[in-house]
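Working notes, beginning with the structure itself.
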Amino acid sequence: MPLFNDWCDSDHQQDGRKHLRRLTELDGGRAAIADRLPDLLRSHYDDMARIADDIRELGFPGAAALLAERLPRTSRARSGELGEIFATELVEEQLGFSVPVRRLRYKDGREMALRGDDFIGVRIDAAGDLFLLKGEAKSRAQLAGATISEARTALSRDNGRPTATSLLFIADRLMEREDEGATVGRAIRNEVANRAVPATRIDHALFTMSGNAAPQALIDDLQAAGPERTHTVIHLRIVDHQEFIRLSYEGALALGND
């Protein structure tokens with residue numbers, strides 16, 4: 001079920017291959033998605049079938065204790081990871097790419113940030129051509145130019161291509177599956193070896209979430225982006241940014257209270 005269509009009003013501006021999307025919460029929008037948010041967060045940290053099995057085996061308290069070992073506790077880690085979660089959901093809902101691996105399930109520790117690209121989208125068209133989306137997500141109480149510059153620097157690394165380490169991580173997870181994901185995984189491994197996907201088929205996405213309105217620096221960053229690829233800049237405004245994050249994670253941990 002679409003998340004952002006029910007939650008937010010979206011202003012989409014386009015100039016050639018450059019897209020600016022500004023999202024603000026609708027009146028009543030948060031209430032409309034409140035029942036969906038807990039499971040949405042949980043699904044990025046663990047397989048929902050495994051959580052259901054934990055509940056059958058251990059009851060709600062035991063299953064919640066296991067889930068708590070995966071979810072971050074610090075406000076900084078929660079902020080960053082919730083930004084990645086919403087970025088992933090928006091990419092799949094509005095940008096036409098799949099983000100086939102929920103990478104937060106594979107963290108070394110609940111407070112440790114994962115290395116590599118924040119999110120990678122994948123699409124294979126009818127001709128069998130591979131398209132990639134390289135993404136960075138930033139979540140701040142007050143978004144400023146320095147954070148935007150940091151994200152753009154990360155997007156520009158490796159000549160704007162997704163890192164080989166990030167691509168291979170996704171490919172390996174896909175090839176462990178017994179479905180069509182293995183075919184996509186093979187295509188990604190081929191790309192790492194051959195670097196055959198041209199820049200025109202590697203989009204960039206910068207997802208930002210903050211308590212303030214989209215700063216001018218975000219618009220300036222998009223205008224300065226190069227013409228060789230599609231660039232999408234997204235800003236989601238959450239006025240009570242820190243409180244919203246706290247309540248979102250508390251809701252995810254409240255198994256049995258949904």
Side-chain angles (χ1 to χ4, degrees), residues 1-4 6-7 30-93 97-122 137 139 165-186 188 209 238 242-258:
M1 183 181 297
L3 177 75
F4 291 95
D6 294 337
W7 180 19
R30 193 177 298 187
I33 65 162
D35 290 345
R36 284 178 253 166
L37 276 182
D39 273 350
L40 175 67
L41 265 68
R42 293 164 190 156
S43 71
H44 278 262
Y45 290 96
D46 203 352
D47 184 274
M48 293 301 291
R50 291 197 197 105
I51 294 176
D53 189 56
D54 290 338
I55 292 170
R56 286 190 294 271
E57 288 287 324
L58 304 168
F60 286 113
L66 283 180
L67 184 62
E69 294 299 324
R70 295 181 178 272
L71 271 60
R73 292 178 178 175
T74 66
S75 58
R76 180 175 181 176
R78 287 178 170 184
S79 176
E81 292 183 11
L82 191 59
E84 289 190 29
I85 289 169
F86 286 145
T88 296
E89 296 296 326
L90 188 138
V91 163
E92 294 195 329
E93 185 175 314
F97 285 86
S98 168
V99 182
V101 175
R102 297 310 193 234
R103 73 185 205 126
L104 294 176
R105 298 180 184 181
Y106 300 92
K107 295 194 302 174
D108 291 333
R110 67 178 162 210
E111 308 300 338
M112 294 180 65
L114 284 164
R115 289 171 291 181
D117 303 309
D118 286 347
F119 56 95
I120 292 178
V122 179
S139 176
T165 299
S166 297
L167 287 173
L168 285 174
F169 174 80
I170 293 170
D172 290 349
R173 301 292 79 72
L174 289 174
M175 294 187 76
E176 290 166 357
R177 302 177 183 176
E178 296 180 358
D179 56 22
E180 64 277 5
T183 302
V184 178
R186 181 68 263 171
I188 294 172
M209 182 174 80
I238 306 291
Q242 292 169 299
E243 179 70 0
F244 173 76
I245 292 168
R246 182 183 68 81
L247 291 173
S248 295
Y249 276 90
E250 287 182 0
L253 284 168
L255 284 171
N257 295 334
D258 299 353

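The closest donor-acceptor contact from the side chain of R103 to the backbone of D118 lies under 3.5 Å. In this structure, the side chain of S79 engages the main chain of S139 through a donor-acceptor pair within 3.5 Å. No side-chain donor-acceptor contact under 3.5 Å links R70 to the backbone of K107. Using a distance-only test at 3.5 Å, with no hydrogens or angles considered, a donor-acceptor pair links the side chain of E93 to the main chain of F4. Put simply, the side chain of E92 gets close to the backbone of V99: a donor and an acceptor are under 3.5 Å apart. A distance-only check finds a donor-acceptor pair linking the side chain of R105 to the backbone of S43 [under 3.5 Å].
Residues passing the side chain to side chain contact (heavy atoms under 4.5 Å, CB included) test with Q242 are A141, sequence neighbours excluded. Among residues two or more places apart in sequence or in another chain, the side chain to side chain contact (heavy atoms under 4.5 Å, CB included) test is passed with D53 by R56, E57. Listed by chain and residue number, W7 satisfy the ring pair (Phe, Tyr, Trp, His ring centres under 6.0 Å) test with F86 (two or more places apart in sequence, or in another chain).
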Please walk me through it: do I238 and R30 pass side chain to side chain contact (heavy atoms under 4.5 Å, CB included)?
-> CA-CA 10 Å; I238 306 291; R30 193 177 298 187; 3.7 Å; yes
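In summary, E89 and R102 engage in a salt bridge, as defined by a charged side-chain N under 4.0 Å from a carboxylate O.
More than 12 non-hydrogen atoms from other residues, nucleotides or ligands lie less than 6.0 angstrom from CZ of R177. Atom CZ of R186 has more than 12 neighbouring heavy atoms from other residues, nucleotides or ligands inside a 6.0 Å radius.
When all heavy atoms are compared, the tightest approach of L71 to Y249 is CD2-CD2, 3.8 Å.
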